[in-house]
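Before any comments, here is the structure.
Sequence lines set the chain letters: A, B, ... in the order given, protein chains first and strands last, and positions in each chain run from 1. Heavy-atom basis, side chains included; hydrogens, waters and symmetry copies ignored.
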There are 2 protein chains.
Amino acid sequence: MPMGLSTHELDKIDQLVAVRRKIKRGDFLFQSGTPFKSIFAIRTGFFKTSVTTDDGRDQVSGFQMAGEIIGLDGIMNDRHACDAIALEDSEVCVMPFDRIEQISLEVKSLQHHVHKIMSREIVRENSVILLLGSMKAEERLAAFLLNLVQRLHARGFSQYELVLRMTREEIGSFLGLKLETVSRAFSKFADEGIVEVKQRNLKILNPEALKLIMNAQDHCS
Amino acid sequence: MPMGLSTHELDKIDQLVAVRRKIKRGDFLFQSGTPFKSIFAIRTGFFKTSVTTDDGRDQVSGFQMAGEIIGLDGIMNDRHACDAIALEDSEVCVMPFDRIEQISLEVKSLQHHVHKIMSREIVRENSVILLLGSMKAEERLAAFLLNLVQRLHARGFSQYELVLRMTREEIGSFLGLKLETVSRAFSKFADEGIVEVKQRNLKILNPEALKLIMNAQDHCS
DNA sequence: CGCGTCATTGATGTGCATCAAGTGGTGTGG
DNA sequence: CCACACCACTTGATGCACATCAATGACGCG
């Protein structure tokens, strides 16, 4: 959250985060097509967002953890453009977007903060596009794991150990791969001593090797 | 641009678009890593944006035409996160972002407009992610062509004819395919009488067929 | 006119999807 | 507390879509 605010400004911002909401594992935080009112700051838990085509194909477009913001896609059109589903019991701060805009008129740093958050989402999606468009299966998984552990580490968790909150199928959907391919890549990494996989518990033994794999850069023009 | 403004508000907004800049074909509008100051509204011309990994891989992340906004990725970090290159001689309105934020504090509708534009970019990227993650070559090309012609049509151009401003390789890069695959897909569409391709001039003879191809939905789970 | 760039088309290879069988962990009801 | 069913996962065998390699053709520009 933005720094260097007066107490008056802080009061304003407090009004935003007044309402909280608990979401059970497997439940929707919001669904594509439903009216957009608020964005959400994840307090605890873990979510996935997924987009759907007219013809029923769908794909995981991101995983979100505590401290991250979800729902920005709804601003345009006043309707949510993706589904958000809790992968574990979670709690979010409900932040009505019209309130945010109103307070942003008075608190300049909040306005800028909102812009940064939206820009960050654009940049994040850019890197997903890059991943999907130009990386091979193992490179994708390596990039995914490094990204995940880096975000967890920034939140005070271990730099090497993590619990995957999603299934292999959901990882595959996010990475544009089939679950079998994800599974095989995990096994290969494990064989090579790069990671230790026990169910959804993962230990990264050799992060440097993962970075090398991610940057294979051999083939693609 | 936002509607229903007072003349005073319009004056404010006029201050934004005072500066224009011409970009020659092949030149950068901005480069990844350079300081971010402004976003740009394309007045005339055509651009591509491309993202790059540390190891030198790069990919086209979008094509932008007149009336579209470019540069939103730079807000976070105050550095551009992608390259923007003109595919033909172009002209843009330079809109200093700090000015936008300043005026947004006074003109509520402008603030909301900015949010919508950023949200639209997020939604657009979501659909690119969906395309890259779950569609086959011909489906991708069909979706690409339909999207392109739809945007051109919204700008008063033909619903069926267009000139491709980019090479096959750039299309391929955007779609996560090799140029040969793009070329073959074009030839296949032409054989089937769905389109007429003469170099970069394209005529869509059967838009419905393209929509069907895009929504093939047969295989993928 | 000749060269460079872009595009087409064919032949071959390969990475991942698909299909299929089997394992292990978890939760439920007897 | 155990038996059963279910689901997530692993692993192997096979096939196919697209990449890769290579040769040729069509523009456009100096």
Side-chain angles (χ1 to χ4, degrees), chain A residues 24-26 48 57 59-60 85 87-88 131-145 163-192 195-202 213 216-221, chain B residues 24-26 48 57 59-60 85 87-89 131-142 144-145 163-192 195-202 213 216-221:
Chain A
K24 282 233 167 297
R25 190 169 97 105
K48 69 169 176 181
R57 255 180 293 201
Q59 179 175 1
V60 174
I85 298 175
L87 295 182
E88 57 181 8
L131 178 145
L132 290 173
S134 74
M135 289 183 161
K136 308 201 173 193
E138 287 170 27
E139 297 167 12
R140 294 182 198 194
L141 186 62
F144 169 70
L145 294 177
V163 178
L164 299 167
R165 300 298 177 181
M166 68 296 282
T167 66
R168 301 288 190 265
E169 185 168 18
E170 286 163 335
I171 295 173
S173 173
F174 178 61
L175 298 178
L177 302 169
K178 292 288 144 184
L179 68 99
E180 295 95 326
T181 306
V182 174
S183 180
R184 279 183 238 276
F186 269 127
S187 300
K188 180 132 180 284
F189 290 171
D191 285 351
E192 292 169 344
V195 303
E196 203 177 291
V197 193
K198 207 171 284 171
Q199 293 294 112
R200 299 203 179 168
N201 300 292
L202 198 105
I213 289 171
Q217 87 182 5
D218 49 352
H219 42 339
C220 289
S221 60
Chain B
K24 284 233 168 297
R25 184 170 148 225
K48 70 169 177 180
R57 256 181 294 202
Q59 179 176 1
V60 174
I85 299 175
L87 296 182
E88 56 182 7
D89 292 356
L131 178 143
L132 290 173
S134 74
M135 289 182 161
K136 306 202 170 195
E138 288 171 26
E139 297 166 11
R140 293 183 198 193
L141 186 63
F144 169 70
L145 293 177
V163 179
L164 299 168
R165 301 298 176 180
M166 68 297 282
T167 66
R168 302 288 189 265
E169 185 168 19
E170 286 163 336
I171 296 173
S173 173
F174 178 60
L175 298 178
L177 302 169
K178 292 290 144 182
L179 69 98
E180 295 95 328
T181 306
V182 174
S183 181
R184 279 182 238 275
F186 270 126
S187 300
K188 181 131 180 284
F189 290 172
D191 285 351
E192 292 169 345
V195 302
E196 203 176 291
V197 193
K198 207 171 283 171
Q199 291 296 110
R200 300 204 180 168
N201 300 291
L202 198 105
I213 288 171
Q217 88 183 3
D218 48 351
H219 44 338
C220 289
S221 59

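We find that B:Arg57 and A:Glu139 are joined by a salt bridge, their nearest charged nitrogen and carboxylate oxygen being less than 4.0 Å apart. Of the charged side-chain nitrogens involved, at least one lies within less than 4.0 Å of a carboxylate oxygen, so that B:Lys188 and B:Glu192 count as a salt-bridged pair.
As rounded to whole Å, 8 Å separates atom P of C:dA7 from atom CD1 of B:Ile171. Counting to the nearest Å, the P atom of C:dT8 and the CG atom of B:Leu202 are 10 Å from each other. In this structure, the NZ atom of B:Lys188 is 14 Å from the P atom of C:dG10, given to the nearest Å. A:Met166 has its CE atom 11 Å from the P atom of D:dC9, to the nearest Å. Rounded to a whole Å, the CZ atom of A:Phe186 is 8 Å from the P atom of D:dT10. Taking atom CD of residue A:Glu169 and atom P of nucleotide D:dC9, one finds them 9 Å apart after rounding to whole Å. Separating the NZ atom of A:Lys198 from the P atom of C:dG25 is a distance of 11 Å, rounded to the nearest angstrom. Separating the CZ atom of A:Arg25 from the P atom of D:dA8 is a distance of 9 Å, rounded to the nearest angstrom.
Between C:dC6 and B:Arg168, no contact under 4.0 Å exists linking OP1 or OP2 to a side-chain N or O. OP1 or OP2 of D:dC9 sits under 4.0 Å from a side-chain N or O of A:Arg200. The side chain of A:Ser187 places an N or O atom within less than 4.0 Å of a non-bridging phosphate oxygen (OP1 or OP2) of D:dT11.
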(Q) Pair A:Glu88, A:Lys24 - check salt bridge (charged side-chain N to carboxylate O under 4.0 Å, His left out), show working. (A) CA-CA 7 Å; A:Glu88 57 181 8; A:Lys24 282 233 167 297; over 6 Å; no
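Rounded to the nearest 0.5 angstrom, B:Leu145 CG and B:Ile213 CD1 are separated by 10.0 Å. For the atom pair CD of A:Gln59 and CG of B:Leu132, the computed distance is 8.5 Å after rounding to the nearest 0.5 Å. Atom CG of A:Leu131 and atom NZ of A:Lys136 lie 14.0 Å apart (nearest 0.5 Å).
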Which atom pairs link the protein and nucleotides 11-16 of chain C when you take only N or O atoms and keep those under 3.5 Å?
{"unit_1": "C:dA11", "atom_1": "N6", "unit_2": "B:Arg184", "atom_2": "NH2", "d": "3.3"}
{"unit_1": "C:dC16", "atom_1": "OP1", "unit_2": "A:Ala137", "atom_2": "N", "d": "2.7"}

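Distances from the side chain of A:Leu179 to the nucleotides D:dA8, D:dT10, C:dT8 place D:dT10 closest. The nucleotide whose nearest atom lies closest to any side-chain atom of A:Thr167 is, among D:dA22, D:dT10, D:dC9, D:dC9.
With a 4.5 Å cut-off on side-chain heavy atoms, A:Arg168 and A:Phe186 count as touching.
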